[in-house]
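Presented below is the structure to which this report refers.
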Amino acid sequence: MKDTQMEAGLSCNSCKEELPHHVYYINGKIVRVECQECRRTMVFKVDVLKEFYKEVYKRVFTKPNRVSKEYKKDINRFLTGIPIRLVSKDKVSEQG
């Protein structure tokens, strides 16, 4: 999940002027805005679990296309990387 933040000059209802604010995003959706001066915070309802499921679905759905592009770009690198990938996936499944 992509968690980002940025700074923006926004009008603060509490301070009654335009001041810098921190804007927090999850997958491109605003989840929180905080005034850097008075620390007043506005929180927006975002279903984090739904965002996570959408991201997993997208990655699973696009995997065949990403693999095709990878082997078409450099078949030798793709083929030599398969054993390493299989071992790393096996280790992850053993830990789970």
Side-chain angles (χ1 to χ4, degrees):
M1 217 170 349
K2 189 173 183 182
D3 183 13
T4 57
Q5 67 176 354
M6 65 171 279
E7 195 173 300
L10 301 171
S11 180
C12 179
N13 288 338
S14 197
C15 299
K16 306 292 185 210
E17 59 183 295
E18 188 174 309
L19 295 164
H21 285 68
H22 279 296
V23 182
Y24 300 89
Y25 298 88
I26 292 182
N27 283 354
K29 293 184 179 181
I30 298 175
V31 291
R32 193 171 92 217
V33 178
E34 180 181 354
C35 177
Q36 291 183 0
E37 184 71 27
C38 68
R39 299 292 180 212
R40 181 173 185 217
T41 304
M42 293 187 329
V43 179
F44 299 89
K45 189 175 182 177
V46 173
D47 188 347
V48 177
L49 198 55
K50 182 179 177 181
E51 292 300 315
F52 176 73
Y53 286 144
K54 283 188 342 188
E55 186 173 323
V56 169
Y57 176 80
K58 180 181 174 186
R59 290 193 51 79
V60 169
F61 184 72
T62 61
K63 185 65 170 186
N65 190 31
R66 289 184 283 131
V67 170
S68 293
K69 284 182 181 178
E70 191 176 329
Y71 81 74
K72 286 177 184 175
K73 183 178 177 182
D74 187 352
I75 188 72
N76 291 329
R77 186 173 180 182
F78 176 77
L79 292 174
T80 57
I82 288 177
I84 297 167
R85 287 174 152 176
L86 291 175
V87 170
S88 69
K89 300 294 184 207
D90 190 42
K91 288 181 181 179
V92 170
S93 65
E94 288 176 4
Q95 292 175 357

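Throughout, numbering of the chain's residues begins at 1 and tracks the sequence. Side chains are part of it too, since the values below use all heavy atoms of this structure and drop only hydrogens, waters and symmetry mates.
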Rounded to the nearest 0.5 Å, what's the gap from [atom1] on [X] to [atom2] on [Y]? Could you check?
| X | Y | atom1 | atom2 | answer |
| --- | --- | --- | --- | --- |
| Thr62 | Lys69 | OG1 | NZ | 9.0 Å |
| Asn76 | Thr80 | CG | OG1 | 7.0 Å |
| Leu10 | Gln36 | CG | CD | 10.0 Å |

A side-chain contact here means heavy atoms from C-beta on lying under 4.5 Å apart; do [X] and [Y] qualify?
| X | Y | answer |
| --- | --- | --- |
| Thr41 | Val33 | no |
| Cys15 | Cys35 | yes |
| Val43 | Val31 | no |
| Glu7 | His22 | yes |
| Val23 | Ile30 | yes |

Within the supplied structure, the quantity of interest is the number of heavy atoms (other residues, nucleotides, ligands) at a distance under 6.0 Å from [X] [atom1]; does it exceed 12?
| X | atom1 | value |
| --- | --- | --- |
| Glu37 | CD | no |
| Arg66 | CZ | yes |
| Phe52 | CZ | no |

With hydrophobic residues grouped by side-chain heavy-atom distances under 4.5 Å, do [X] and [Y] end up in a single group?
| X | Y | value |
| --- | --- | --- |
| Tyr53 | Val60 | yes |
| Met42 | Tyr24 | no |
| Tyr57 | Leu49 | no |
| Ile26 | Met6 | no |

Inset, instruction - Begin from the C-alpha positions of Phe78 and Asp74 and carry the test side-chain contact (heavy atoms from CB on, under 4.5 Å) through to its verdict. - result: CA-CA 6 Å; Phe78 176 77; Asp74 187 352; over 6 Å; no

Inset, instruction - Name all pairs fulfilling the salt bridge (Lys or Arg N to Asp or Glu O under 4.0 Å) condition that reach into residues 14-31, sequence neighbours left out, sorted by first residue then second. - result: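 Checked against salt bridge (Lys or Arg N to Asp or Glu O under 4.0 Å) - neighbours excluded - the pairs reaching residues 14-31 are Lys29-Glu51.
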
Legend entry - NZ/NE/NH1/NH2 to OD/OE distance under 4.0 Å, Glu34 and Arg40: no

Legend entry - Closest approach of His21 to Leu19 (non-hydrogen atoms, all atoms of both residues): ND1-O, 2.8 Å

Inset, instruction - Check for a donor-acceptor pair, side chain of Arg32 on one end and backbone N or O of Tyr25 on the other, with a separation under 3.5 Å. - result: no

